[in-house]
Number of protein chains: 2
Amino acid sequence: MRKRVNALAEQLLETLEERGYRSTSPRRAVAQAIANQDKPFTAEDLRGQLPALGRATIFRSLKLLVETGVVCRVLLEDGDLQYQLSHRGHHHHLLCVECGSSQDLLGCDIEALLQQTSASHGFELSGHWLEVYGRCRSCSVKELAAV
Amino acid sequence: MRKRVNALAEQLLETLEERGYRSTSPRRAVAQAIANQDKPFTAEDLRGQLPALGRATIFRSLKLLVETGVVCRVLLEDGDLQYQLSHRGHHHHLLCVECGSSQDLLGCDIEALLQQTSASHGFELSGHWLEVYGRCRSCSVKELAAV
DNA sequence: TATCAATAGATACTGGGTCTCATTAAGCCC
DNA sequence: GGGCTTAATGAGACCCAGTATCTATTGATA
Ligand SMILES: [Mn+2]
Ligand SMILES: [Mn+2]
Ligand SMILES: [Zn+2]
Ligand SMILES: [Zn+2]
């Protein structure tokens, strides 16, 4: 378990190094903290977990990681934007409104549908943003058990 | 043209009155300003157009209108959230990345698709947020003409 | 037209995020 | 390993969107 988490954090750092960014100890700390999150998080969450780091440093690291695509932003139902470890490339999220957990949705099959709809409005499709809200499996189970 | 715009603004006010909110002159001003926008706008945009109003008042009116559903928030491609006159009920936006205009997409036919995908992940769907980005008809035409 | 709650406006405050600038530390070459 | 160069850090000021608080005003209703 420990091993795997570190591996994840290392991946984040490697991504930065590939782009020519230095591997610094604040960045290692941020990477590790991100790897440890189990649901979408805010910069403030990280800050609480890394009180030794400068605030700007956390924001800067986060920004780099978002730019390189290994961290993405998720839109909560209330309009709040938070961060999350990301699969690279296009994907969406199944966000549990109960426990706040997020599950990645890798295949995106709505593109064709949107293409059609867009075209019928004379609109030349170039991208989309989709978030899906509901209840995750374990929250559904819990609710059933509670009855 | 003028007439129609005023009619729109009046609709906004009526919606508030229906909910028991008073029809005040600041609210009339905000409603009118919103009716005049032709693309997604920020509270700051309104403020620039209504320098006589208190800042808090603009935010408060905007909030009420969002709560009653006659104004909605749109997510720009860069993660910025702005406001926009809204069709009531569930709908999406075709957002032109060129000119910033927004066109409402009324029918939402992805629900069935999402339902399926969600179910296959043990996820109990309850809602979604979708924004579509691309080029609107007039921007497409312009680009063709420019070649 | 008097009453009185709802609203407005001024202004302080919060939360997320960026900018500046002096100091520190990676990375690299020897 | 020691020095050089430059990127990165941290402290703090600052910015922007939005909220809270408080007193003064105003709209609805009788
Ligand atoms: Mn997609
Ligand atoms: Mn929809
Ligand atoms: Zn859940
Ligand atoms: Zn356009």
Side-chain angles (χ1 to χ4, degrees), chain A residues 9-10 12-34 37 39-68 71-84, chain B residues 9-10 12-34 37 39-68 71-84:
Chain A
E10 267 160 47
L12 297 188
L13 278 177
E14 272 165 32
T15 306
L16 292 186
E17 288 180 68
E18 276 163 27
R19 311 260 174 144
Y21 296 110
R22 292 181 181 175
S23 169
T24 69
S25 86
R27 281 177 187 161
R28 270 190 295 278
V30 169
Q32 184 62 61
I34 291 176
Q37 306 304 312
K39 51 180 71 167
F41 57 89
T42 63
E44 206 49 37
D45 290 336
L46 295 187
R47 225 163 89 70
Q49 293 160 37
L50 304 168
L53 297 199
R55 212 169 79 94
T57 300
I58 291 181
F59 279 106
R60 283 188 286 234
S61 305
L62 222 27
K63 195 178 187 182
L64 280 185
L65 291 168
V66 169
E67 278 166 14
T68 60
V71 164
C72 63
R73 306 216 285 164
V74 299
L75 180 69
L76 272 39
E77 212 171 13
D78 63 2
D80 222 27
L81 272 172
Q82 299 198 349
Y83 299 93
Q84 188 188 295
Chain B
E10 268 159 46
L12 297 187
L13 278 177
E14 273 164 32
T15 307
L16 292 185
E17 289 181 67
E18 276 164 27
R19 311 260 174 144
Y21 296 110
R22 291 183 181 171
S23 168
T24 69
S25 87
R27 281 178 186 160
R28 272 190 294 279
V30 169
Q32 185 61 62
I34 291 176
Q37 307 304 311
K39 53 180 70 168
F41 56 89
T42 63
E44 206 48 37
D45 290 335
L46 296 188
R47 224 163 90 71
Q49 293 160 36
L50 305 168
L53 297 199
R55 213 170 77 92
T57 300
I58 291 180
F59 278 105
R60 284 188 286 235
S61 306
L62 221 29
K63 196 179 186 181
L64 281 185
L65 291 167
V66 169
E67 279 166 15
T68 60
V71 164
C72 63
R73 305 220 284 165
V74 300
L75 179 69
L76 272 40
E77 212 170 12
D78 64 1
D80 222 26
L81 273 172
Q82 299 199 350
Y83 298 92
Q84 188 189 294

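Naming convention: chains lettered A, B, ... in sequence-line order (proteins, then strands); numbering from 1 in each chain.
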### Contact check, side chains of A/Phe59 and A/Leu46, non-hydrogen atoms, under 4.5 Å
no
#### Entry: Value rounded to 0.5 Å, distance of CG in B/Asp45 from CD1 in B/Ile34
11.0 Å
#### Entry: For atom CZ of B/Arg27 and atom C1' of D/dA28, their distance in whole Å
13 Å
### Message
How long is the straight-line distance from CG of B/Leu81 back to CG of B/Leu76, given to the nearest 0.5 Å?
### Response
8.0 Å
### Query
A/Leu75 CG to C/dG16 C1': how many Å, rounded?
15 Å
### Query
Within the pair A/Tyr83 and C/dG17, is there a side-chain N or O less than 4.0 Å away from OP1 or OP2?
yes
### Message
What is the distance, to the nearest angstrom, from the CG atom on B/Leu76 to the C1' atom on D/dA17?
### Response
15 Å
### Task
May I have the distance from A/Asp78 (atom CG) to D/dT19 (atom P), rounded to whole angstrom?
11 Å
### Query
CZ of B/Arg28 versus P of D/dG27: gap in Å, rounded?
7 Å
### Query
Does the side chain of A/Tyr21 reach to within under 4.5 Å of the side chain of A/Arg27, using non-hydrogen atoms?
yes
### Message
If you define the side chain from C-beta out and look only at heavy atoms, does anything of B/Val71 sit under 4.5 Å from B/Gln84?
### Response
no
### Task
Could you check which residues of residues 52-60 of chain B get a heavy atom under 4.0 Å from DNA chain D? Sort them by number, please.
B/Arg55, B/Ala56, B/Phe59, B/Arg60
### Message
Between A/Thr57 (side chain only) and A/Leu53 (backbone N and O only), is there a donor and an acceptor less than 3.5 Å apart?
### Response
no
### Summary
Whole-Å distance, B/Gln82 CD to D/dC16 P, equals 15 Å
### Task
Compare all side-chain heavy atoms of B/Lys63 with those of B/Val66 and state whether any distance is below 4.5 angstrom.
no
### Summary
A/Glu44 atom CD is separated from C/dT18 atom P, nearest whole Å, by 14 Å
### Message
Near DNA chain D, counting only heavy atoms under 4.0 Å, which residues of residues 13-22 of chain A show up?
### Response
A/Tyr21, A/Arg22
### Task
Side chain of A/Arg73 only, please: which of C/dG17, D/dG10, C/dG27 is the nearest?
C/dG17
### Summary
Whichever of A/Thr42 and B/Leu64 has the more 5' nearest nucleotide on DNA chain C, that residue is B/Leu64
### Task
Write down the distance between CZ (A/Phe41) and P (C/dG16), rounded to a whole number of angstrom.
13 Å
#### Entry: Value rounded to 0.5 Å, distance of CG in A/Leu12 from OG in A/Ser61
10.5 Å
### Message
Any side-chain N or O of A/Lys63 below 4.0 angstrom from OP1/OP2 of C/dG17?
### Response
no
### Query
With distance as the sole test, does B/Arg28 use its side chain to make a donor-acceptor pair with the main-chain N or O of B/Leu13 at under 3.5 Å?
no
### Query
Using a cut-off of 4.0 Å on non-hydrogen atoms, how would the nucleic acid contact of B/Ser23 be classed: base, sugar-phosphate, or nothing?
sugar-phosphate
